[in-house]
Amino acid sequence: MTLTVDGPGGLQEVETDENGQWRVGVPERGETYVVTLDEDTLPEGIAVVDPEDDTPNVKEVEVGQGGRVSVNFFIGEGERNVTSFFDQLVQRIIQGLSFGLMLALAAIGLSLVFGTTGISNFAHGEMVTFGAIAAFMLVGPASLALPWWLGYPVAVVLSALFGLFLDVILWRPLRRRRVGVVQLMIVSIGLSLALRYTFQLFIGGGTLQLPGSSESKISLFGSVQLSVIDMVSLAISIVVIVAFALWLTRSRTGKATRAISDNASLAAASGIDVDAVVRVVWVVAGALAGLAGILYAYYRPGIKWDMGAQILLLMFAAVVLGGLGTAYGALVGALIVGILVEVSSLWIPADLKYASALFILIVILLFRPQGILGRRERIG
């Protein structure tokens with residue numbers, strides 16, 4: 001029989017031996033893990049039975065400081081509720097849409113920074129982590145314990161200020177010295193490592209949980225289940241992306257941002273204050289990354305010191321897939337990546353699901369090197 005163990009360290013899959021016994025190693029003590037028995041691998045006519053549990057094939061356990069815990073499933077004759085492939089597909093698509101919209105918030109900021117400054121910011125993942133940690137410090141149980149409706153907006157504001165802070169102390173001085181693109185990329189890698197291990201120094205190597213992260217799910221239609229937080233995350237992502245699109249297309253600063261992305265020298269010659277617009281871009285990118293960090297902390301679920309680094313390649317994949325420097329391209333690319341990551345786990349092991357997005361990125365770029373919404377550069 002096949003079981004999956006989900007928690008800190010990611011999803012792991014294990015098979016029982018001929019005696020029905022199994023063992024799997026986990027990276028963290030004092031953490032909660034969800035163990036799921038795949039009922040499709042049980043013999044015909046056999047089911048997991050527990051009259052006091054609606055989902056007897058799913059158990060949540062905590063690994064104590066001793067480092068060992070036993071999980072037992074009781075099986076016997078019975079009828080299994082089998083989820084159809086179509087219902088599983090719909091569930092994965094909805095989860096992928098939720099993940100893709102969350103990824104889009106981070107990828108749009110990354111794309112804006114690249115379009116206006118030319119920086120491939122490898123520290124953008126740490127900006128995502130900063131938002132999640134700031135939220136925990138404001139609303140978590142061992143923190144200021146602010147109400148969520150106040151703490152989360154403050155965390156987003158702090159993330160925006162963090163983006164501005166990085167630009168003021170690091171990126172703007174380097175721009176003024178006309179440091180090359182490759183050197184800026186190397187600086188961003190160093191900044192990423194420095195921030196990542198600073199986070200580990202302050203919050204440790206464990207996993208922190210935001211309030212409500214273990215909320216039960218609600219059946220919507222068929223076998224599709226979403227928690228209230230999942231639905232709120234979807235709604236927030238859509239509202240913020242629509243608001244960003246209106247800002248980018250209708251506001252004076254948004255139009256100036258697009259002009260700088262197209263041609264910074266021409267925009268400066270037209271009277272646009274490039275430095276001022278770039279500062280706004282860093283603020284917007286920081287705010288979007290911080291919000292993405294909060295939503296990702298609920299999606300995982302949990303906050304870890306390297307959580308942003310875990311999705312950094314997916315953010316870059318979304319930006320490159322949609323078209324370098326185009327915010328709308330980052331949105332389209334993120335949605336494709338998010339849905340692919342979730343849906344692909346129906347056919348391939350969960351540990352490889354992120355690789356599916358990178359594979360499709362390679363395939364698309366072979367036929368359209370500029371990305372889906374990118375423009376091909378012409379010479380002459």
Side-chain angles (χ1 to χ4, degrees), residues 8 10 98-114 119-140 151-167 170-171 188-200 202-203 205 207-210 213 229 233 236-237 240-241 244 281-320 322 327 330-331 333-335 337-338 341 354 357:
S98 177
F99 180 52
L101 287 170
M102 179 278 300
L103 190 66
L105 293 174
I108 286 171
L110 182 64
S111 182
L112 277 180
V113 169
F114 177 83
I119 300 173
S120 298
N121 185 18
F122 280 81
H124 200 75
E126 278 55 58
M127 296 174 71
V128 172
T129 307
F130 178 87
I133 294 175
F136 180 82
M137 294 301 177
L138 291 168
V139 306
Y152 290 160
V154 171
V156 172
V157 172
L158 290 176
S159 299
L161 294 176
F162 182 58
L164 178 62
F165 174 74
L166 291 178
D167 181 53
L170 181 63
W171 301 119
S188 75
I189 294 173
L191 177 63
S192 170
L193 294 172
L195 290 174
R196 195 179 311 166
Y197 289 104
T198 300
F199 294 152
Q200 186 186 29
F202 280 97
I203 69 171
T207 302
L208 308 174
Q209 298 291 346
L210 290 176
S213 57
I229 289 179
S233 296
I236 290 175
S237 299
V240 171
I241 288 173
F244 168 79
V281 165
W282 276 104
V283 169
V284 172
L288 292 176
L291 178 58
I294 297 172
L295 299 183
Y296 186 44
Y298 280 111
Y299 179 84
R300 290 187 72 238
I303 300 169
K304 287 205 70 172
W305 60 280
D306 62 344
M307 60 182 285
Q310 294 173 1
I311 59 169
L312 180 64
L313 284 181
L314 293 183
M315 286 190 278
F316 274 108
V319 171
V320 175
L331 171 60
L335 289 175
V337 168
V341 163
Y354 286 172

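Along the sequence shown, the residues carry numbers beginning at 1.
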Does Val319 form a side chain to side chain contact (heavy atoms under 4.5 Å, CB included) with Phe114? I'd like the steps, not just the answer. CA-CA 10 Å; Val319 171; Phe114 177 83; 5.7 Å; no

Measuring only between side-chain heavy atoms, which start at C-beta, is Glu126 closer than 4.5 Å to Phe162? no

Where do Leu210 and Ala297 come nearest, in terms of heavy atoms and distance? CD1-CB, 3.7 Å

Rounded at 0.5 Å granularity, tell me how far CG in Asp306 sits from CD1 in Ile311. 11.0 Å

Do Phe244 and Val284 have side-chain heavy atoms sitting under 4.5 Å apart? yes

Is a side-chain N or O of Ser192 found less than 3.5 angstrom from the main chain of Ser188, in a donor-acceptor match? no

Side chain to side chain donor-acceptor pair (under 3.5 Å) against Asn121, all qualifying residues, sequence neighbours excluded: none

Could you give the side-chain donor-acceptor pairs of residues 128-138 under 3.5 Å, partners two or more places apart or in another chain?
from   : atom 1 : to     : atom 2 : distance (Å)
Thr129 : OG1    : Gly125 : O      : 3.1
Thr129 : OG1    : Gly308 : N      : 3.0

At what distance, to the nearest 0.5 angstrom, does OG1 of Thr198 lie from CH2 of Trp305? 11.0 Å

Under a 4.5 Å cut-off applied to non-hydrogen side-chain atoms, are Ile303 and Thr207 in contact? no

Look at the rings of Phe99 and Tyr296 and say which category their plane angle falls in: under 30° parallel, 30 to 60° tilted, over 60° perpendicular. tilted

Going by the rule ring pair (Phe, Tyr, Trp, His ring centres under 6.0 Å), which residues pair with Phe316 if we only count those two or more places apart in sequence or in a different chain? Phe122

Does Tyr152 have any ring pair (Phe, Tyr, Trp, His ring centres under 6.0 Å) partners at least two apart in sequence or in another chain, and if so, which? none

Quick one: does any side-chain atom of His124 pair with a main-chain N or O of Ala106 as donor and acceptor, under 3.5 Å? yes

Check: Met127 main-chain N/O paired with Ser159 side-chain donor or acceptor under 3.5 Å: no

To the nearest 0.5 Å, atom CD of Gln310 lies from atom NZ of Lys304 at 7.0 Å

Sub-4.5 Å side-chain heavy-atom contact between Leu295 and Leu101: no

By ring pair (Phe, Tyr, Trp, His ring centres under 6.0 Å), which residues pair with Phe165, not counting sequence neighbours? none

Distance in Å, Leu331 CG paired with Leu105 CG, rounded so as to fall on 0.5 Å steps: 9.0 Å

Value rounded to 0.5 Å, distance of CD1 in Ile236 from CD1 in Ile229: 10.0 Å

Closest heavy-atom contact between Val113 and Ala285? CG2-CB, 3.8 Å

Distance, nearest 0.5 Å, that separates OH of Tyr298 from OG of Ser233: 8.0 Å

Tell me, please, which residues at least two apart from Val156 pass side chain to side chain contact (heavy atoms under 4.5 Å, CB included). Ala287, Leu291, Ile294

Please check this pair: side chain of Ser111 against backbone of Ala107, looking for a donor-acceptor N/O pair closer than 3.5 Å. no

